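Notes follow the structure.
What you are looking at is a predicted structure, and each value in this text was computed from that prediction instead of being measured. Here, residue 1 is the first one in the sequence, and each next residue gets the next number. We count ligands from 1, going down the list as the structure has it; atoms in each ligand are counted the same way.
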Amino acid sequence: MVDWQMIYKQAKEWVVEAGDLIKKSLENELTIETKRNAKDLVTNVDKEIETFFYHKIQSSFAEHRIIGEESKGHDISDLSGIVWIIDPIDGTMNFVNQGRFFAISVGIYEEGIGKIGITYDVTRDEMFHCLSGNGFYMDDKRINTLKPFKMDEALIAVNSGLMMENRSFDYKIIHKLIRDARGSRHLGTATIQLAYVAAGILDCYFSTKISPWDIAAGRVFLNEVGGELTNFKGQELEVLERTSIIASKPGFHEIFFRDYLREK
Ligand code: IPD
Ligand code: CA
Ligand code: CA
């Protein structure tokens, strides 16, 4: 029998330890490289933190598998057993340019089912965490089931690419949505925006090109508090696919697909 409480406690401790390493690294000069394009950044710290988790997990849970954004487990194509899905720094551009507003994201899945989610906002020292079935927490505060979405009170989060002409979505629909809502935000970290939707701090979040490590923790949170999560077609997401997402309070998807997409 898997001791999930023990894994949960251990994972949170490692995340805090990794957070301390990242905070210390802010005093040093970063080595910055680019990946897919000039805006897709990776630093020596992203790589070091992924390696930190890799060694910790390997030494304590040798049978668990690991998928990390920077290099680990990219050949994994099935979710049998227990799989840790890790983004060592989500919001690397914020990390590099601002030195704040980035997070460590850890999702732990068993046979493809999300069991544990952890999103640690390092510089705010704020941890969102959940062991499935045991409640979603912001630090020690338990978050209740989400209230229904209300357009006139809503804050809509979008990634900036969706605000301008793009290949995957008609940006005018997003503009209309933002006009109808109370306001919009784009924060530069998927995992924090997903945690915020689950905590009721944001009302919905739209993004394209989201990878498994961006969403592995958030999916566990949303599931726990009755949030909604689909791709832009309204379909359920596969854990290992790179995809578009709409995450929201309950009721948003019905309004969006009925009243906004139909007008297109
Ligand atoms: C990125 C951030 C960003 C989102 C991108 C992600 P990274 O992750 O979460 O907010 O819009 O899609 O790739 O590269 O900082 O780990
Ligand atoms: Ca990321
Ligand atoms: Ca990252």
Taking only residues two or more places apart in sequence, or in another chain, which ones meet F53 in a ring-ring contact (aromatic ring centres under 6.0 Å, His included)?
none

Which residues pass the ring-ring contact (aromatic ring centres under 6.0 Å, His included) test with Y109, not counting sequence neighbours?
none

Check which protein N, O or S atoms are less than 3.0 Å from the Ca ion (ligand 2) and report how many there are.
3

So if I only count non-hydrogen atoms and take anything under 4.0 Å from ligand 1, which residues does that give, chain by chain?
E69, D87, I89, D90, G91, T92, N159, G188, T189, A190, K209, D214

With heavy-atom distances below 4.5 Å as the criterion, would you say the side chains of T43 and E48 are in contact?
no

Test Y120 against every option in M127, E126, H129, K12 by the side chain to side chain contact (heavy atoms under 4.5 Å, CB included) rule and name the one that passes.
M127

For T191 and T119, which I'm curious about, is there any donor-acceptor pair between the side chains at under 3.5 Å?
yes

Residue pair S207 / N159, side-chain donor-acceptor N/O under 3.5 Å:
yes

L240 with I66, same ILVMFWY side-chain cluster at under 4.5 Å:
no

Does the distance from a Lys or Arg side-chain N to an Asp or Glu carboxylate O, for K147 and E153, drop under 4.0 Å?
no

Is the NZ or CZ atom of K249 both under 6.0 Å from the centre of the six-membered ring of F149 and within 45° of that ring's axis?
no

